[in-house]
Amino acid sequence: MSNFDVNETTTYGTATRGIHAGQEPDPITGAVSTPIYMTSTFKQDGVGGLRHGYDYSRSVNPTRDSFTEQLAAVEGARHAVAFSSGLAAIDVLLRSTLKPGDAILIGNDVYGGTYRLLAKVFVPWGVELDVVDITDPAAVNTALARKSYRYIWVETPSNPLLNITDIALTASLAHEHGTRVVVDNTFASPILQHPLTDGADAVVYSTTKYIGGHSDVVGGAVVTNDDELAQRVMFLQNAAGAVPSPFDSWLDIRGLKTLDLRVRKHSENAMTIAHWLEGHAGVERVWYPGLESHPGHEVAERQMHGGFGGMISVEITGGKEAAERFAASTRLFTLAESLGGVESLIEVPAAMTHMSVSGTALEVPANLVRLSVGIEDVDDLIGDLEGAFEALGK
Ligand SMILES: *Cc1c(COP(=O)(O)O)cnc(C)c1O
């Protein structure tokens, strides 16, 4: 719809691209906000006489186009393809490019749903799945030397331990073996981390998280510079049909316009809280890539730009029971799954988001509490956490 010049993506900053790319005022009315084209089908001017290529909304919809153009520009990429969830994006990316007999290498700390999709759907379909400590280049190299992998799946910062993988190094190792690298960039968002620039072949997002940013939409996206990969993904997007609605797409558009501003505030609040937690008697260990104590801090400092994100994981003194009581005692931090919204959330991965990896190599500590730090006033958030420690008698 819009005439945002791709060449301008290199001259304008990310915040400007997020607000303007794909957002030309409506040609008929001048509406500044992209209309929600809530239509399943489009009138044809004579058989096959499509207006601007629009025929049916599973295949193509102007509101969705507006979002994918905006996202591609923010990422500085050639293609973005939108889906009805992050997992639908992951499913279509993998299913359109893998076949039975292919192998995929993943880290030992990934989103539970990604692992479930691979282990319970792709493995029975005939895809081989191996797990490695993806943060360790020597371990990755050994695995690559032993077997031929179609993909390495990188999540950095990972969920929930916020482990950091060196994307550029992993990509160079993988490419020597003809293996492609996908980065799940959901936690960092396109503001803080640029995997395609670092050598990744494709990026996936759950737009449900920071891109949507208001806990009101479930969505996903695949972003890539590889024309052939994009064609395959777009073909299966239409053939299988897990597309976002026009309203979902509009919520993604609105979220992406303020992403730059929000992510900076999320990062600033999280850094303050991580430092505060690190000195607290009720805490065994804090996992935040912005802390010098974090094993991936040096890589994160090089690889992330303008902050370390809004996610913190913390091991609470007193085991599983203390962690669950702590998570149920906050007032501003809402006890809920998901992350990346303006409001702070708290959860216990072992009992909630990561139940599907219990008993596997991906199992997480039982006393781990995960915080999605929102953009409220940081003093209020710290007061809320202090109240929860007091409820534990700490
Ligand atoms: C939430 C999430 C997903 C899955 O996305 P949905 O939108 O819930 O399908 C994938 N990866 C990461 C890192 C996530 O946090």
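As a basis for the values below, the full set of heavy atoms in this structure was taken, side chains included, without hydrogen atoms, waters or symmetry mates. Start at 1 with the first residue, then count along the sequence. Just so it is clear, the structure is predicted and the values come from calculations on it, not from any experiment. For ligands, and for the atoms within them, numbers begin at 1 and follow the listed sequence.
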Test of proximity, Lys209 against ligand 1: N or O pairs below 3.5 Å: yes
With heavy atoms only and a cut-off of under 4.0 Å, state how Asp184 meets ligand 1: side chain, backbone, both or neither. side chain
Suppose I only count heavy atoms of Glu155 and a 4.0 Å limit; which atoms of ligand 1 are within that range? 13 (C)
Specify the closest pair of heavy atoms between Ala89 and Gly220, including all atoms of both residues, with the distance to one decimal. CB-C, 4.1 Å
Please determine if Val218 has a nitrogen or oxygen closer than 3.5 Å to a nitrogen or oxygen of ligand 1. no
Proximity winner for atom 10 (C) of ligand 1, if only heavy atoms of Phe83, Tyr205, Tyr111 are counted: Tyr111
Specify the protein heavy atom at minimum distance from atom 9 (O) of ligand 1: its residue, its atom name, and the distance to 0.1 Å. Leu87 N, 2.9 Å
Do the two ring centres, one from His294 and one from Phe308, sit under 6.0 Å apart? no
Euclidean distance, Leu371 CG relative to Met311 CE, rounded to 0.5 Å: 7.5 Å
Ignoring hydrogens and angles, state whether a donor on the side chain of Ser344 or Glu376 is under 3.5 Å from an acceptor on the partner side chain. yes
Polar atom proximity, Ile90 to ligand 1 (N or O, under 3.5 Å): no
Consider ligand 1: state whether an atom of it lies below 4.0 angstrom from any non-hydrogen atom of Gly219. yes
Atom of Ile346, atom of Phe333 and distance for their closest heavy-atom approach: CG2-O, 3.7 Å
Looking only at protein heavy atoms, identify the closest one to atom 6 (P) of ligand 1 and say how far it is in Å. Gly86 N, 3.3 Å
Please check if atom NZ in Lys320 has more than 12 non-hydrogen atoms from other residues, nucleotides or ligands closer than 6.0 Å. no
Got a sec, which pairs hit ring pair (Phe, Tyr, Trp, His ring centres under 6.0 Å) with one end in residues 208-229, sequence neighbours left out? Tyr210-His266
